[in-house]
Amino acid sequence: MKIRVQFFSHLKEIARTAELEIDLPDGATVSDLLTLLYTQRPGLREWDGSILIGAGVEFVARDHVLLPNEEISLMPPVQGG
Amino acid sequence: MATTVCDVRLTDAPLALSTEIPPAETGAIVDFWGVVRATENGTAIAGIEYEAHHAMAKHQLRRVADECLQEFELNQLIVHHRTGFVAVGEASLLVRVGSRHRAAAFRASAWIVDELKTRVPIWKHPVAIRAVASAALPQ
């Protein structure tokens, strides 16, 4: 299945793109997605402890099971205000 | 039951409060303005560029506001957050809280600012003074 991944703030520079499309097997989780991304873009791994994950407009945990064509956002800690 | 007014938005326009009369039964109003400081980590800046995940930020901001209304039994809540470039001295965040009594208004104002700083996907990018000056030079 295809998953659309968006990067925000400095994660965009580290990933060298604002978004990309990734192929994953059915039943894959956010954790599986991160593992694959870290092999393709090793610089992201350094931020593993603080990366926030969004699915659509909701925050999700790393055991979230991905859905086909789901829009996943990778975000550093927020800084509004 | 008193009418509740809730106005939550992300905007790239300068922030301003309307002069509308607050809902009846309002006995206390607390306004909070978050303003861009002239320095960031000891370095002088021209301003801050606020980046947002717009769809998610609107949704999460609304959720935080709904929780705040319920938790503190407010009858007015306005939360406006800037996106894009905000110059030093300008406001990046405006929160107005109205309630029957002052204690709830003070607590709610502090609570919602704390919550949005951890839950609403917005990021700051300080803009150096030199970067702004270079952009203003004729090409």
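Below, all heavy atoms of this structure are taken into account, side chains as well, without hydrogens, waters or symmetry copies. Just so it is clear, the structure is predicted and the values come from calculations on it, not from any experiment.
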Single-linkage hydrophobic cluster A/Met1~A/Val30, side-chain heavy atoms < 4.5 angstrom: yes
Side-chain donor/acceptor of B/Tyr50 to backbone N/O of A/Gly81, under 3.5 Å: yes
Cluster overlap B/Leu61 with B/Val95, hydrophobic side-chain contacts below 4.5 Å: yes
Residues, nucleotides or ligands: over 12 heavy atoms within 6.0 Å of A/Arg62 CZ: yes
Interface moiety of B/Ala52 toward chain A, non-hydrogen atoms closer than 4.5 Å: backbone
Contact summary for A/Ser73 and B/His53, nearest pair of heavy atoms: OG-NE2, 3.0 Å
Residues, nucleotides or ligands: over 12 heavy atoms within 6.0 Å of B/Trp111 CH2: yes
Heavy-atom check, side chain of B/His125 versus side chain of A/Ser9, under 4.5 Å: yes
Crowding at CD, A/Gln40 (>12 non-hydrogen neighbours, <6.0 Å): yes
Sorted by number, residues from residues 112-123 of chain B in contact with chain A (heavy atoms, under 4.5 Å): B/Leu116, B/Lys117, B/Thr118, B/Arg119, B/Val120, B/Pro121, B/Ile122, B/Trp123
Connected via hydrophobic side-chain network under 4.5 Å: B/Ile29 and B/Leu74: no
Derivation and outcome, side chain to side chain contact (heavy atoms under 4.5 Å, CB included), residues A/Phe59 and B/Gln60: CA-CA 9 Å; A/Phe59 288 103; B/Gln60 296 295 333; 3.8 Å; yes
Side-chain heavy atoms of A/Lys12 within contact of B/Glu51, under 4.5 Å: yes
ILVMFWY network linking A/Phe8 to A/Val5, side-chain heavy atoms under 4.5 angstrom: no
Pairs of heavy atoms under 4.5 Å with chain B: top-ranked of A/Pro77, A/Pro76, A/Gly54: A/Pro76
Part of A/Glu58 within contact of chain B (heavy atom distance under 4.5 Å): both
B/Val79 reachable from B/Leu94 in the ILVMFWY side-chain graph, under 4.5 Å edges: no
Structural part of B/Arg82 lying under 4.5 Å from a heavy atom of chain A: neither
CD (A/Glu21) with more than 12 external heavy atoms under 6.0 Å: yes
Contacts of residues 99-107 of chain B with chain A (heavy atom under 4.5 Å): none
